[in-house]
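I am attaching a structure below and will ask some questions about it afterwards.
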Amino acid sequence: MLDKTLRNFDIPAFQQDLINWYQANKRDLPWRRTQDPYKIWVSEIMLQQTKVDTVVPYFQQFIEKYPTPYALAEADEQDVLKSWEGLGYYSRARNLQTAVREVVADYGGKVPDSPAALGSLKGVGPYTKGAILSIAYDQPQPAVDGNVMRVFARVLNIDEDIAKPSTKKLFEKIAAELISTADPSSFNQGVMELGALVCTPKTPSCMLCPVQEHCRAFADGLEQELPVKTKGKKQKTTTYAALLIKNEQNQYMIEKRAENGLLANLWQFPMAPIDEIGMEHITNWFFAEYGVQMNIGDKAGTLKHVFSHLIWQLEIFHAMTMQTETADERIIFVKPEDLRLYPFPVSHQKMLKYILD
DNA sequence: TAGTCGTGGAA
DNA sequence: TTTCCAAGACT
């Protein structure tokens with residue numbers, strides 16, 4: 001299967017054309033100005049499912065605050081989450097810190113350069129492992145992301161569904177065959193850079209492509225049809241009442257979310273699923289759930305927030321309570337000016353404007 | 001395997 | 001407006 005796919009494919013010429021193009025056209029990105037495995041690691045975690053333009057400012061600020069594995073290992077998780085606020089996929093931040101602590105404890109603070117040790121770290125999967133080994137340590141390891149699957153699917157005219165995990169394994173085998181042993185870093189980054197700048201998902205710029213002469217999809221006019229990717233299911237909407245509960249000290253009630261699952265360990269204004277409990281039972285539900293007696297006031301606004309796999313429809317209300325504390329450790333009351341000290345998901349960051357005017 | 005896990009930008 | 005998606009990992 002693999003032999004047939006790669007038969008008559010001029011691997012050395014493809015490598016050379018790709019690497020030459022990459023050297024001449026690569027973007028000047030902060031993580032390309034260093035060989036520090038820790039910094040490259042941080043960049044690769046941030047770049048998971050996230051655009052380069054989004055990552056750049058987060059990376060700069062993160063490295064300034066946590067310049068070494070030791071600095072990150074010693075940091076408070078809440079501070080790390082605050083640095084990650086707005087970037088999404090927050091378990092990446094917590095897994096990174098867990099992994100960095102392991103590197104400090106078990107590897108003397110040096111990022112492992114063996115595939116087995118690196119791949120065992122929390123949050124380091126097949127792609128990230130290959131990226132770190134190739135970019136930081138110049139090892140010829142495949143690093144297959146969405147770009148790589150798209151580029152290789154077109155160049156080699158492969159119509160396997162790239163949404164399937166088994167297809168990713170196929171491309172890892174292909175990447176292992178194609179990767180340059182002379183410059184694995186430039187090869188891997190070159191494929192990704194090509195995917196980001198030229199071999200784009202929609203309307204690829206084939207006329208500007210440095211490997212056009214190697215591309216079977218272009219030769220057959222199939223560049224728009226490849227790669228094949230089945231689409232996921234639609235998100236389900238849940239409606240919540242989100243309450244801006246103020247007490248007589250002008251403090252607002254916020255809640256730390258569970259330590260697992262969606263938006264783990266971030267803070268939010270309390271929410272009630274009004275589909276389930278009914279708007280008329282909210283007060284009782286809140287008392288049962290949080291031990292807080294409150295009166296609901298005016299509606300402050302409405303907010304629709306779209307996640308990857310679900311949608312929140314938030315109906316936002318002002319509310320008043322006489323209490324300044326509860327028995328629930330997840331609940332605290334905070335002055336408006338201190339709310340920004342806590343890591344909030346974007347949906348609840350937006351709610352701050354109803355309080356801070 | 002398929003679902004979970006965020007966000008903002010492009011077409 | 002809707003859809004898709006971006007340098008994935010985990011369960």
Side-chain angles (χ1 to χ4, degrees), chain A residues 22 26-27 29-32 40-59 81 84-96 98-99 118-136 142-151 161-169 171-172 175 185 187-197 199-204 224 227 229-236 257-266 268 304-312 343-350:
Chain A
Y22 175 70
K26 63 182 177 184
R27 289 169 289 182
L29 301 172
W31 47 89
R32 288 183 177 159
I40 289 166
W41 180 10
V42 170
S43 77
E44 290 300 340
I45 299 298
M46 286 187 169
L47 285 163
Q48 289 170 6
Q49 300 291 286
T50 311
K51 302 257 203 226
V52 164
D53 290 345
T54 301
V55 168
V56 168
Y58 281 91
F59 176 82
L81 285 173
W84 212 271
E85 185 181 57
L87 197 53
Y89 287 140
Y90 298 95
S91 66
R92 291 183 295 175
R94 302 201 305 140
N95 289 340
L96 174 60
T98 298
L118 193 56
S120 74
L121 296 172
K122 194 111 40 190
V124 179
Y127 163 77
T128 304
K129 176 178 63 176
I132 294 171
L133 291 176
S134 61
I135 298 170
V144 174
D145 70 336
N147 289 309
V148 175
M149 288 197 284
R150 182 172 61 257
V151 170
D161 180 5
I162 66 168
K164 295 172 62 174
S166 57
T167 303
K168 188 180 175 189
K169 292 183 179 178
F171 280 108
E172 282 166 351
S185 172
F187 181 88
N188 280 346
Q189 295 191 78
V191 180
M192 293 188 280
E193 194 79 340
L194 188 71
L197 300 181
C199 195
T200 49
K202 300 168 188 173
T203 63
Q224 299 276 11
K229 185 179 185 182
T230 57
K231 39 191 164 191
K233 299 191 306 185
K234 259 184 254 177
Q235 306 103 316
K236 211 170 247 181
R257 291 180 59 87
E259 59 184 336
N260 291 306
L262 183 68
L263 305 169
N265 280 356
L266 272 67
Q268 67 179 19
K304 180 182 178 180
H305 192 78
V306 179
F307 296 88
S308 321
H309 59 299
L310 56 94
I311 299 173
W312 279 358
F344 284 91
V346 167
S347 53
H348 285 253
Q349 273 184 278
K350 289 177 178 169

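Labels below follow one simple rule: chain letters A, B, ... track the order of the sequence lines, proteins then strands, and each chain is numbered from 1. Keep in mind that the numbers below use all heavy atoms, side chains included, and drop hydrogens, waters and symmetry copies.
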| request: Mark yes or no for whether A:Q235, through its side chain, and A:F307, through its backbone, hold a donor-acceptor pair below 3.5 Å. | output: yes
| said: Would you say that more than 12 heavy atoms from the other residues, nucleotides or ligands in this model lie under 6.0 Å from the NZ of A:K169, or not? | reply: no
| task | Pick base, sugar-phosphate or nothing for A:W31, based on heavy-atom distances below 4.0 Å to the nucleic acid. | result |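 The residue A:W31 makes base contact.
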| Separation of atom CG in A:N260 from atom C1' in C:dC10, rounded to whole Å | 12 Å
| said: Under 4.0 Å, counting only non-hydrogen atoms across every strand here, what does A:K168 touch: a base, just sugar-phosphate, or nothing? | reply: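 Answer is sugar-phosphate: A:K168 comes under 4.0 Å of backbone atoms only.
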| Can you tell me if A:R257 uses its side chain to pair, donor with acceptor, with the backbone of A:L262 under 3.5 Å? | yes
| Where A:K229 and A:A163 come nearest, the two heavy atoms and their spacing |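 Smallest interatomic distance, heavy atoms only, reads CG-CB, 4.2 Å.
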| request: Identify, between A:K233 and A:F344, the residue whose nearest nucleotide on DNA chain B lies closer to the 5' end. | output: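 Nearest nucleotide further toward 5': that of A:K233.
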| If you look at every strand shown and take non-hydrogen atoms under 4.0 Å, does A:L87 touch a base, only sugar-phosphate, or nothing? | base
| field | Outermost DNA chain B nucleotides near chain A [under 4.0 Å, heavy atoms] | value |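 For DNA chain B, the relevant span reads B:dT1 to B:dG8.
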| query | What nucleic acid atoms does A:R32 come within less than 4.0 Å of, heavy atoms only: base, sugar-phosphate, or nothing? | reply |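 Base contact.
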| Using a cut-off of 4.0 Å on non-hydrogen atoms, how would the nucleic acid contact of A:V148 be classed: base, sugar-phosphate, or nothing? |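 Counting heavy atoms under 4.0 Å across all strands, no contact is made by A:V148.
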| Which whole-number value in Å describes the distance from A:R94 CZ to C:dT11 C1'? |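 Between C1' of C:dT11 and CZ of A:R94: 15 Å.
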| said: Students often mix this up, so state it plainly: with edges at 30° and 60°, are the rings of A:H348 and A:W312 parallel, tilted or perpendicular? | reply: perpendicular
| message | Quick check on DNA chain B: between A:L266 and A:T203, whose nearest nucleotide comes earlier from the 5' end? | response | A:L266
Please tabulate the protein-to-nucleotide N/O contacts below 3.5 Å involving nucleotides 2-6 of chain C, giving atom names and distances.
{"from": "C:dC4", "atom 1": "OP1", "to": "A:K231", "atom 2": "NZ", "distance (Å)": "3.4"}
{"from": "C:dA6", "atom 1": "OP2", "to": "A:R150", "atom 2": "NH1", "distance (Å)": "3.4"}
{"from": "C:dA6", "atom 1": "N3", "to": "A:Q49", "atom 2": "O", "distance (Å)": "3.2"}

| field | Of A:L121 and A:V52, the one whose closest DNA chain C nucleotide lies more 5' | value |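 Upstream on the strand: A:V52.
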| For A:T200 against A:P204, the heavy-atom pair lying closest together | OG1-CA, 3.5 Å
| task | Could I get the full list of side-chain contact (heavy atoms from CB on, under 4.5 Å) partners for A:Y89, not counting sequence neighbours? | result |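 A:Y89 satisfies side-chain contact (heavy atoms from CB on, under 4.5 Å) with A:Q49, A:R92, A:S308 once adjacent residues are dropped.
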| request: Could you work out the separation of B:dG8 and C:dA9 based on their P atoms and round it to a whole Å? | output: 23 Å
| message | Would you say A:T128 places a side-chain N or O within less than 4.0 Å of OP1 or OP2 belonging to C:dA9? | response | yes
| request: Would you mind classifying the nucleic acid contact of A:G195 as base, sugar-phosphate or nothing, using non-hydrogen atoms under 4.0 angstrom? | output: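 Nothing, no heavy atom under 4.0 Å.
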| Beyond-backbone contact of A:T50 with A:Y58, side-chain heavy atoms, under 4.5 angstrom | no
| query | If we take the C1' atom in both C:dA6 and B:dC5, what is their distance in whole Å? | reply |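 Taking atom C1' in both C:dA6 and B:dC5, they lie 15 Å apart.
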| message | Students often get this wrong, so: under 4.0 angstrom with heavy atoms, is A:V306 touching a base, only sugar-phosphate, or nothing? | response |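 Answer is base: heavy atoms of A:V306 come under 4.0 Å of a base.
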| task | Return yes if a side-chain donor-acceptor contact under 3.5 Å exists between A:E44 and A:Y127, otherwise no. | result |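 Short answer, yes.
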| Are any non-hydrogen side-chain atoms of A:W31 and A:V42 less than 4.5 angstrom apart? |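 They are not in side-chain contact.
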